[in-house]
2 protein chains.
Amino acid sequence: MAKSKTTAAVMPPEALELVAARFKVLAEPMRLRLLQLLESGERTVGELVTETGAGQANVSKHLTLLAETGMVGRRKEGLNVYYFIADPMVFDLCKLVCGSLQKQLAQKAKAFGG
Amino acid sequence: MAKSKTTAAVMPPEALELVAARFKVLAEPMRLRLLQLLESGERTVGELVTETGAGQANVSKHLTLLAETGMVGRRKEGLNVYYFIADPMVFDLCKLVCGSLQKQLAQKAKAFGG
DNA sequence: TGACTATATAACTAAATAGTAATATAGTCA
DNA sequence: TGACTATATTACTATTTAGTTATATAGTCA
């Protein structure tokens, strides 16, 4: 009985792990790049390989992970597989982070004497 | 000249790495737990060690990382160091992810036949 | 001063994972 | 059917990092 803080609705550990896992998916530059490319329209694996310059196996693995977590969807068409954004929330997340980063960098710049 | 997609403002690779690094900080359950505890008010390292049940060195390392990335701030008071939320944006991020997760889980539950 | 406490840091181990090369799968077309 | 193409998967290597133990730092108080 010595705690004075309001104990805000504590998320159970399993929930925290789920949330952390989602952030982890977004914690790779290559996956962010793929999402960014898909933002302007669906693309085949081959197109993404060309546009990123990454290896085919690597791109495929990243796309599989993005699809497993529901961030992108897949659509087969003959030999090709088209990937597309399934959960646009990822862009909201990116915008928030970018805004925060910009604020911090601007502050640092000012501190240096702009 | 065979590309029909609108090439949405491409972020340079360095920017993507910065954003990814931010997500990576949030990609650990223990750090999310610490942030969640701090949401209801500042706390000393010792208090966080007690409340999480984690090791002191471990908590200290996580806090150092959170502070380096500007998500929390520190304030010394005698022997104690108080940590507090410095960028509330992290909670906006968490709320977005939680909402998305809930939607997905609800959908899965329905698919199973609720 | 010296004993004590809170926090930080260093060195280490174990686990996770991004990237790659090779291979498997599945669809197309002659 | 068999040659060909796009994608997925497997096995591997190298890197990163969470957690731990031991130690260092810095502040308090007698």
Side-chain angles (χ1 to χ4, degrees), chain A residues 2-3 13-14 16-38 42-69 71-84 86, chain B residues 2-3 13-14 16-38 42-69 71-84 86:
Chain A
K3 200 100 48 59
E14 320 91 60
L16 286 181
E17 295 209 1
L18 277 180
V19 175
R22 280 325 225 274
F23 281 125
K24 190 176 264 175
V25 173
L26 298 173
E28 281 303 316
M30 178 61 70
R31 284 196 287 269
L32 292 181
R33 184 114 173 266
L34 292 170
L35 289 170
Q36 196 182 254
L37 285 168
L38 294 176
E42 65 174 9
R43 279 173 173 68
T44 67
V45 179
E47 289 173 331
L48 291 169
V49 167
T50 302
E51 296 184 73
T52 59
Q56 182 267 324
N58 195 19
V59 169
S60 182
K61 273 200 334 187
H62 284 307
L63 289 170
T64 297
L65 180 59
L66 287 169
E68 282 171 354
T69 51
M71 299 187 184
V72 304
R74 355 179 327 149
R75 177 173 71 80
K76 276 190 113 167
E77 192 173 306
L79 272 180
N80 298 310
V81 175
Y82 283 87
Y83 282 88
F84 52 89
Chain B
K3 200 101 49 59
E14 321 92 59
L16 286 181
E17 296 209 2
L18 276 180
V19 175
R22 279 327 225 272
F23 281 125
K24 190 177 265 175
V25 174
L26 297 174
E28 282 302 318
M30 178 61 69
R31 284 195 285 270
L32 294 181
R33 184 112 173 268
L34 292 170
L35 290 170
Q36 195 182 256
L37 285 168
L38 294 176
E42 65 174 9
R43 280 174 173 67
T44 67
V45 178
E47 288 173 331
L48 291 169
V49 168
T50 302
E51 295 184 73
T52 59
Q56 181 268 323
N58 196 20
V59 169
S60 183
K61 274 200 333 187
H62 284 307
L63 289 170
T64 297
L65 179 59
L66 288 169
E68 280 172 354
T69 51
M71 299 188 184
V72 305
R74 352 179 328 148
R75 175 175 74 78
K76 277 190 111 167
E77 192 174 307
L79 272 179
N80 296 310
V81 176
Y82 282 87
Y83 282 87
F84 52 89

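Naming convention: chains lettered A, B, ... in sequence-line order (proteins, then strands); numbering from 1 in each chain.
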**OP:** Using the test salt bridge (charged side-chain N to carboxylate O under 4.0 Å, His left out), find all partners of B:Arg75 that sit at least two apart in sequence or belong to another chain.
**Re:** B:Glu42, B:Glu77
Original post:
Reckon A:Tyr83 has a side-chain N or O less than 4.0 Å from the OP1 or OP2 of D:dA8?
Top reply: yes
Subject >> Non-neighbouring partners of B:Glu17 that pass side chain to side chain contact (heavy atoms under 4.5 Å, CB included), sequence neighbours left out >> reply: A:Pro29
Do any side-chain atoms of residues 20-28 of chain A form donor-acceptor pairs under 3.5 angstrom with protein atoms, and if so which ones, sequence neighbours left out?
from: A:Arg22; atom 1: NH2; to: A:Thr69; atom 2: O; distance (Å): 2.7
from: A:Arg22; atom 1: NH2; to: B:Gln104; atom 2: OE1; distance (Å): 2.7

**OP:** Going 5' to 3' through nucleotides 14-30 of chain D, assign each nucleotide B (protein heavy atom under 4.0 Å from a base atom), S (under 4.0 Å only from sugar-phosphate atoms) or - (no protein heavy atom that close).
**Re:** ---SSBBBB---BBS--
**OP:** Ignoring hydrogens and angles, tell me if any N or O in the side chain of A:Arg74 forms a donor-acceptor pair with the backbone of A:Ala67 under 3.5 Å.
**Re:** no
Original post:
Could you give the distance from CG (A:Leu38) to CD (A:Gln36), rounded to the nearest 0.5 Å?
Top reply: 10.0 Å
**OP:** Please name all residues satisfying side-chain hydrogen bond (donor to acceptor under 3.5 Å, both in side chains) with B:Asn80, sequence neighbours left out, ordered by chain then number.
**Re:** none
Subject >> Residues in side chain to side chain contact (heavy atoms under 4.5 Å, CB included) contact with A:Glu68, at least two apart in sequence or another chain >> reply: A:Thr64, A:Leu65
Original post:
Between B:Arg74 and C:dT7, is there a side-chain N or O to OP1/OP2 distance below 4.0 Å?
Top reply: no
**OP:** Starting from P on D:dT7, measure out to CD on A:Glu42 and report it in whole angstrom.
**Re:** 12 Å
**OP:** Check DNA chain D for consecutive Watson-Crick or G-U pairs with both distances under 3.5 Å and list the runs of at least three as stems.
**Re:** C:1-30 with D:1-30
Original post:
Rounded to the Å, how far apart are A:Asn80 CG and D:dC4 P?
Top reply: 19 Å
Original post:
With sequence neighbours excluded, what pairs up with A:Thr50 under the side chain to side chain contact (heavy atoms under 4.5 Å, CB included) test?
Top reply: none
